[in-house]
Amino acid sequence: MAVTGRLGLLALFGALVVGLLVPSDTGILAVGGALLVLVVVDLVLAGSVRPLRFSRSGDTSVRLGEPCEVTLVVANPGRHPVRGQLRDAWPPSAGAADRHAVRVPAGERRALVTALRPTRRGDRTAARVTVRSVGPLGLAARQGSHEVPWTVRVLPPFHSRKHLPSRLARLQQLDGRNAVLIRGQGTEFDSLREYVIGDDVRSIDWRATARAADVMVRTWRPERDRHVVLVLDTGRVSAGRVGDAPRLDAAMDAALLLAALASRAGDRVDLLAYDRRLRAAVQGSSGAALLTSLVNAMAPLEPSLIETDARGMVAEVLRRTRRRALVVLLTGLDAAPLEEGLFPVLSSLTARHELIVASVADPRVAEMLTGREDAEAVYDAASASRTVAERLRVTERLARHGVGVVDAVPEELPPALADRYLALKAAGRL
């Protein structure tokens with residue numbers, strides 16, 4: 001190729017000399033003709049992009065924010081080498097380093113690695129591969145595009161997994177593995193002991209008391225094989241951004257930590273995602289397969305800018321969950337949507353199930369409460385105070401219906417929800 005390039009340059013130089021020695025019009029025509037010939041020759045010698053064959057391999061899933069790689073193999077069945085530039089195009093949110101220098105000799109193949117670091121959840125699909133094959137003189141090029149399908153599913157990052165070891169240690173204590181007995185209303189009888197102030201009188205064993213000098217109570221180990229239903233509200237309230245992410249992402253993180261903990265506790269965990277219709281459902285998974293099923297179901301979910309049909313959501317939960325369960329509804333605590341949506345149908349849910357409402361709070365509201373620097377900061381503080389008061393009123397109203405509420409900022413919501421679950425276990429309510 002170097003020899004061909006030098007010959008081409010010599011020919012071009014000769015044409016320029018001729019153009020200087022002959023009359024002007026004729027010289028210009030000679031130079032133009034020489035250049036045209038060189039361009040045509042260069043184009044003919046450039047490797048054709050049409051017969052190129054492509055295949056892919058590599059990662060098919062990755063957690064949000066983590067790197068992954070997809071390998072593109074380019075095979076050249078043509079008679080001329082292909083050299084130039086290749087663009088392996090992906091959506092901007094895939095974070096792909098998609099431009100490559102390529103050189104594939106005739107009859108050979110080369111592997112090109114595209115590095116991705118996605119910035120959004122969901123399925124990221126390769127767009128197309130575009131190759132520009134430059135001729136040996138660098139004067140002309142062939143270009144063409146090929147569809148080479150590949151999809152990388154970007155999963156929720158599960159940042160809260162760092163809290164799992166400490167909660168599992170507490171769970172082991174509840175299970176009695178560290179010789180710690182917990183009082184509760186479970187069904188697995190453990191032992192008898194003397195009554196102390198604060199014990200539930202329903203746990204008194206009257207027959208044992210009649211035989212002993214003191215009042216005796218039963219102790220129980222926390223129940224296993226309970227049912228936990230995680231309900232993600234994917235409606236309008238989940239679209240509000242807290243920091244750099246929508247509330248839905250923080251709700252997913254909390255749901256994943258609770259699911260991992262409940263699964264290790266021997267409980268069955270299901271997931272529903274709902275707004276105006278069912279967006280995702282996971283049922284029947286357990287063990288190591290549970291988290292895989294959950295993150296794959298959550299990955300493509302996006303908030304819908306519509307009000308959630310609370311009546312339809314509750315009906316879906318009741319239809320799918322026959323036996324008593326712990327229902328964890330991850331939604332907002334905005335007064336208006338709850339007044340019009342959840343509260344009218346709340347009793348039908350609480351009559352059959354234990355209910356917890358978990359909500360993502362905005363840390364910016366707490367910052368605004370202390371603002372007194374200028375008039376704008378004072379107005380912001382008043383608005384923040386009103387928001388806090390409304391959330392407290394909603395929390396109190398839910399509590400009067402026997403609903404537990406977990407309201408915390410994104411970083412604190414997952415461990416707070418896990419602690420509430422453990423508290424229910426310890427109290428024998430689950």
Participant: How would you list, by chain and number, every residue that makes a salt bridge (Lys or Arg N to Asp or Glu O under 4.0 Å) with R386, sequence neighbours excluded?
Facilitator: E390
Participant: To check you understand the geometry: which heavy-atom pair defines the closest contact between F158 and L291, and what is its length?
Facilitator: CE2-CD1, 4.2 Å
Participant: Got a sec, which pairs hit side chain to side chain donor-acceptor pair (under 3.5 Å) with one end in residues 358-381, sequence neighbours left out?
Facilitator: S359-R391, R364-E367
Participant: Do the side chain of S293 and the main chain of V282 share a donor and acceptor less than 3.5 angstrom apart?
Facilitator: no
Participant: Please round to the nearest 0.5 Å and tell me the distance separating atom CZ of R50 and atom OG of S133.
Facilitator: 13.5 Å
Participant: To the nearest 0.5 Å, how far apart are NE2 in H353 and OG in S348?
Facilitator: 9.0 Å
Participant: Does the side chain to side chain contact (heavy atoms under 4.5 Å, CB included) test come out yes or no for L424 and E354, once each step is laid out?
Facilitator: CA-CA 10 Å; L424 290 175; E354 183 82 24; 4.1 Å; yes
Participant: Tell me the salt bridge (charged side-chain N to carboxylate O under 4.0 Å, His left out) pairs involving residues 144-167, sequence neighbours left out?
Facilitator: D123-R153, R128-E147, R167-D419
Participant: Check whether the side chains of D270 and H227 place a donor and an acceptor atom closer than 3.5 Å, and report yes or no.
Facilitator: yes
Participant: With distance as the sole test, does S263 use its side chain to make a donor-acceptor pair with the main-chain N or O of A260 at under 3.5 Å?
Facilitator: no
Participant: Are a donor atom and an acceptor atom from the side chains of Q85 and R132 found within less than 3.5 Å of each other?
Facilitator: no
Participant: May I ask you to test the R120-V154 pair for a side-chain heavy-atom distance under 4.5 Å?
Facilitator: no
Participant: So do D214 and T209 actually touch side chain to side chain, heavy atoms under 4.5 Å?
Facilitator: no
Participant: A side-chain contact here means heavy atoms from C-beta on lying under 4.5 Å apart; do F54 and L72 qualify?
Facilitator: yes
Participant: Distance check, rounded to the nearest 0.5 Å: D98 atom CG versus L86 atom CG?
Facilitator: 9.5 Å
Participant: Please report the closest heavy-atom contact between G84 and V134, naming both atoms and the distance.
Facilitator: CA-CG2, 4.2 Å
Participant: Quick one: do T114 and H100 satisfy side-chain hydrogen bond (donor to acceptor under 3.5 Å, both in side chains)? Show the steps, please.
Facilitator: CA-CA 8 Å; T114 299; H100 306 274; 3.1 Å; yes
Participant: Let's go through R323 and R268 carefully: what are the C-alpha distance in whole Å and the side-chain angles of both, what is the deciding distance for side chain to side chain contact (heavy atoms under 4.5 Å, CB included) to 0.1 Å, and is it a yes or a no?
Facilitator: CA-CA 12 Å; R323 53 183 287 197; R268 182 162 62 92; 4.3 Å; yes
Participant: Please check this pair: side chain of R420 against backbone of V405, looking for a donor-acceptor N/O pair closer than 3.5 Å.
Facilitator: yes
Participant: Kindly indicate whether the side chain of E302, heavy atoms from C-beta on, has any atom under 4.5 Å from the side chain of L248.
Facilitator: no
Participant: Could you walk me through whether V104 and V102 pass the side chain to side chain contact (heavy atoms under 4.5 Å, CB included) test, one step at a time?
Facilitator: CA-CA 7 Å; V104 187; V102 63; 3.6 Å; yes
Participant: Please tell me if the side chains of V62 and P118 come closer than 4.5 Å, counting only heavy atoms from C-beta onward.
Facilitator: yes
Participant: Could you give all pairs that pass the salt bridge (charged side-chain N to carboxylate O under 4.0 Å, His left out) test and reach residues 276-286, with sequence neighbours left out?
Facilitator: D275-R279
Participant: If every non-hydrogen atom of R264 is compared with every non-hydrogen atom of L171, which pair is closest and at what distance?
Facilitator: C-CD2, 3.9 Å
Participant: Applying salt bridge (charged side-chain N to carboxylate O under 4.0 Å, His left out), which residue pairs with at least one partner in residues 240-263 are found, sequence neighbours left out?
Facilitator: R121-D249
Participant: Report the C-alpha separation of S385 and L369 in whole Å, then their side-chain angles, then the decisive distance to 0.1 Å, and conclude whether the side chain to side chain contact (heavy atoms under 4.5 Å, CB included) test is met.
Facilitator: CA-CA 6 Å; S385 178; L369 280 172; 3.9 Å; yes
Participant: Is the shortest heavy-atom distance from the side chain of T125 to the side chain of W90 under 4.5 Å?
Facilitator: no
Participant: At their closest point, which heavy atom of G144 faces which heavy atom of V49, and how far apart are they?
Facilitator: N-CG2, 3.5 Å
Participant: Which pair of non-hydrogen atoms, one from P415 and one from L257, has the smallest distance, and what is that distance?
Facilitator: N-CD2, 3.8 Å
Participant: Do L64 and L155 have side chains that approach each other closer than 4.5 Å (heavy atoms only, starting at C-beta)?
Facilitator: no
Participant: Under the side chain to side chain contact (heavy atoms under 4.5 Å, CB included) rule, collect the residues that match up with E411, sequence neighbours excluded.
Facilitator: V409
Participant: Just jot down the side chain to side chain contact (heavy atoms under 4.5 Å, CB included) partners of A250, sequence neighbours excluded, or say none.
Facilitator: V360, P410
Participant: Taking atom CG of L398 and atom CD of E396, what is their separation to the nearest 0.5 Å?
Facilitator: 10.5 Å
Participant: Between the main-chain N or O of E108 and the side-chain N or O of N76, is there a donor-acceptor pair closer than 3.5 Å?
Facilitator: no
Participant: Going by side chain to side chain contact (heavy atoms under 4.5 Å, CB included), M252 matches just one of L271, L301, L294. Which one?
Facilitator: L301
Participant: Restricting to ring-ring contact (aromatic ring centres under 6.0 Å, His included), what partner residues turn up for H401, sequence neighbours left out?
Facilitator: none
Participant: Which atom pairs, donor and acceptor, lie under 3.5 Å between side-chain atoms of residues 324-344 and protein residues at least two apart or in another chain?
Facilitator:
unit_1: R324; atom_1: NH1; unit_2: R352; atom_2: O; d: 3.0
unit_1: T331; atom_1: OG1; unit_2: D233; atom_2: OD2; d: 2.7
unit_1: E339; atom_1: OE1; unit_2: R397; atom_2: NH1; d: 2.8
unit_1: E339; atom_1: OE2; unit_2: R397; atom_2: NH1; d: 2.7

Participant: Give the table of side-chain donor-acceptor pairs shorter than 3.5 Å for residues 311-322, with sequence neighbours excluded, one pair per line with atom names and distance.
Facilitator:
unit_1: E316; atom_1: OE2; unit_2: R319; atom_2: NH2; d: 2.7
unit_1: E316; atom_1: OE2; unit_2: R320; atom_2: NE; d: 2.6
unit_1: E316; atom_1: OE2; unit_2: R320; atom_2: NH2; d: 3.4
unit_1: R320; atom_1: NH1; unit_2: Q283; atom_2: OE1; d: 2.6
unit_1: T321; atom_1: OG1; unit_2: V317; atom_2: O; d: 3.1

Participant: Does any non-hydrogen side-chain atom of Y421 lie less than 4.5 Å from one of L261?
Facilitator: yes
Participant: Checking the side chain of R83 only, and the main-chain atoms of G135 only, is there a donor and an acceptor separated by less than 3.5 Å?
Facilitator: yes
Participant: Considering residues at least two apart in sequence or located in another chain, which fulfil the side chain to side chain contact (heavy atoms under 4.5 Å, CB included) criterion with A111?
Facilitator: T71, V73
Participant: CG of L422 to CD of Q173: how many Å apart, nearest 0.5 Å?
Facilitator: 10.0 Å
Participant: Do S145 and T130 get their side chains close enough for a donor-acceptor pair, meaning under 3.5 Å?
Facilitator: yes
Participant: What heavy-atom pair brings R142 and G47 nearest, and what distance separates the two atoms?
Facilitator: CD-O, 3.4 Å
Participant: Do any pairs count as a side chain to side chain donor-acceptor pair (under 3.5 Å) and have a residue in residues 52-66, sequence neighbours left out, and if so which ones?
Facilitator: R56-D88
